[in-house]
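Counting begins at 1 with the first residue of the sequence. Treat the numbers as computed from the prediction; the structure is a model and nothing was measured. Keep in mind that the numbers below use all heavy atoms, side chains included, and drop hydrogens, waters and symmetry copies.
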Amino acid sequence: EPPQGQPRMPRQLKSFQTASQISFEQDQTRQITLMTLQTSDRPGLLSLIGQAFAENRLRLNNARIATAGAEAHDTFAITDRNGQPISDQQELDKLAAVIRSKLD
């Protein structure tokens, strides 16, 4: 407890968790969407991402999982439920928002 009159440390600063960075790229050759995720590694991380894919009715075709220290650097090859790349920017933004809400 800080001395009286001293502000408390914001909760975000107590855990050194970095905000999740999510980006998308279209792989025209393979006809898939690549989602790259950088976030703090933690137990259950892949399960949370899988839930987000399921909620958005996406198929996971392939994943490359890498960890550097406490950071996860993962790439997911995803398509819609019909096996098509996700090219709708609003859909990609929604997916990123769902993942951030689960992770951050």
Side-chain angles (χ1 to χ4, degrees):
E1 216 35 47
Q4 193 156 4
Q6 292 289 315
R8 288 174 184 258
M9 184 190 297
R11 204 172 64 238
Q12 306 89 287
L13 295 180
K14 284 186 182 171
S15 69
F16 295 97
Q17 207 159 303
T18 56
S20 301
Q21 294 178 349
I22 301 168
S23 61
F24 297 96
E25 185 184 324
Q26 301 302 328
D27 183 331
Q28 304 297 347
T29 312
R30 291 164 53 205
Q31 287 292 294
I32 54 171
T33 301
L34 295 173
M35 182 188 95
T36 304
L37 169 69
Q38 279 186 251
T39 192
S40 301
D41 195 23
R42 69 202 78 162
L45 174 63
L46 296 176
S47 174
L48 292 170
I49 294 164
Q51 287 172 23
F53 290 162
E55 287 169 21
N56 285 273
R57 300 177 137 174
L58 300 176
R59 286 187 180 162
L60 174 61
N61 296 278
N62 196 336
R64 195 174 71 233
I65 308 302
T67 309
E71 286 279 303
H73 299 261
D74 303 335
T75 303
F76 302 92
I78 55 178
T79 55
D80 67 16
R81 63 178 181 258
N82 300 317
Q84 298 301 306
I86 301 108
S87 53
D88 182 336
Q89 191 58 50
Q90 281 185 308
E91 213 174 311
L92 294 173
D93 292 344
K94 180 181 157 210
L95 173 61
V98 168
I99 292 172
R100 281 192 189 97
S101 75
K102 292 179 180 299
L103 300 184
D104 295 344

Q. Does a sphere of radius 6.0 Å around CD in Gln90 hold more than 12 heavy atoms from other residues, nucleotides or ligands, not counting ones at 6.0 Å or beyond?
A. no

Q) CD of Gln38 to OG1 of Thr75: how many Å apart, nearest 0.5 Å? A) 9.0 Å

(Q) On a heavy-atom basis, which atom in Arg30 and which in Asn62 lie closest, and how many Å separate them? (A) NH2-ND2, 4.1 Å

Q | Spacing of CE belonging to Met35 relative to CD belonging to Glu25, to within rounding of 0.5 Å | A | 13.0 Å

**Q.** Separation between CG of Leu58 and CZ of Arg81, rounded to the nearest 0.5 Å
**A.** 9.5 Å

Q | Partner set under ring pair (Phe, Tyr, Trp, His ring centres under 6.0 Å) for Phe76, not counting sequence neighbours | A | Phe53

(Q) On a heavy-atom basis, which atom in Val98 and which in Ala52 lie closest, and how many Å separate them? (A) CG1-CB, 3.8 Å

Q. Would Asn56 and Glu91 count as a side-chain contact (heavy atoms from CB on, under 4.5 Å) if you check the C-alpha gap in whole Å, the side-chain angles of each, and the deciding distance to 0.1 Å?
A. CA-CA 9 Å; Asn56 285 273; Glu91 213 174 311; 5.8 Å; no

Q | Spacing of Ser47 atom OG and Arg42 atom CZ [to the nearest 0.5 Å] | A | 12.0 Å

Q: Taking all heavy atoms of Ser20 and all of Leu37, pick out the closest pair and write down the distance.
A: CB-CD1, 4.1 Å

Q.
I'd like to know if the side chain of Gln84 pairs up with that of Thr79 as donor and acceptor (distance under 3.5 Å, no hydrogens or angles considered).
A. no

Q. Can you tell which of Thr67, Thr39, Ile65 makes a side chain to side chain contact (heavy atoms under 4.5 Å, CB included) with Leu45?
A. Thr39

Q. From Gln21 CD over to Arg100 CZ, what is the distance, rounded to the nearest 0.5 angstrom?
A. 9.0 Å

**Q.** Single-linkage hydrophobic cluster, 4.5 Å side-chain cutoff, Ile22 and Leu60 together
**A.** yes

Q.
With a 4.5 Å cut-off on side-chain heavy atoms, are Leu92 and Gln26 touching?
A. yes

Q: Look only at the side chain of Asp74 and the backbone of Ala66, and say whether a donor-acceptor pair between them is shorter than 3.5 Å.
A: yes

(Q) Could you check whether any side-chain heavy atom of Leu95 comes within less than 4.5 Å of a side-chain heavy atom of Ile86, counting everything from C-beta outward? (A) no

Q: Sequence neighbours left out, what pairs pass ring-ring contact (aromatic ring centres under 6.0 Å, His included) with at least one residue falling in residues 82-104?
A: none

**Q.** Gln28 versus Gln31, closest heavy-atom pair with distance
**A.** O-NE2, 2.9 Å

Q) In terms of hydrophobic clusters joined by side-chain contacts under 4.5 Å, are Ile32 and Ile49 together? A) no

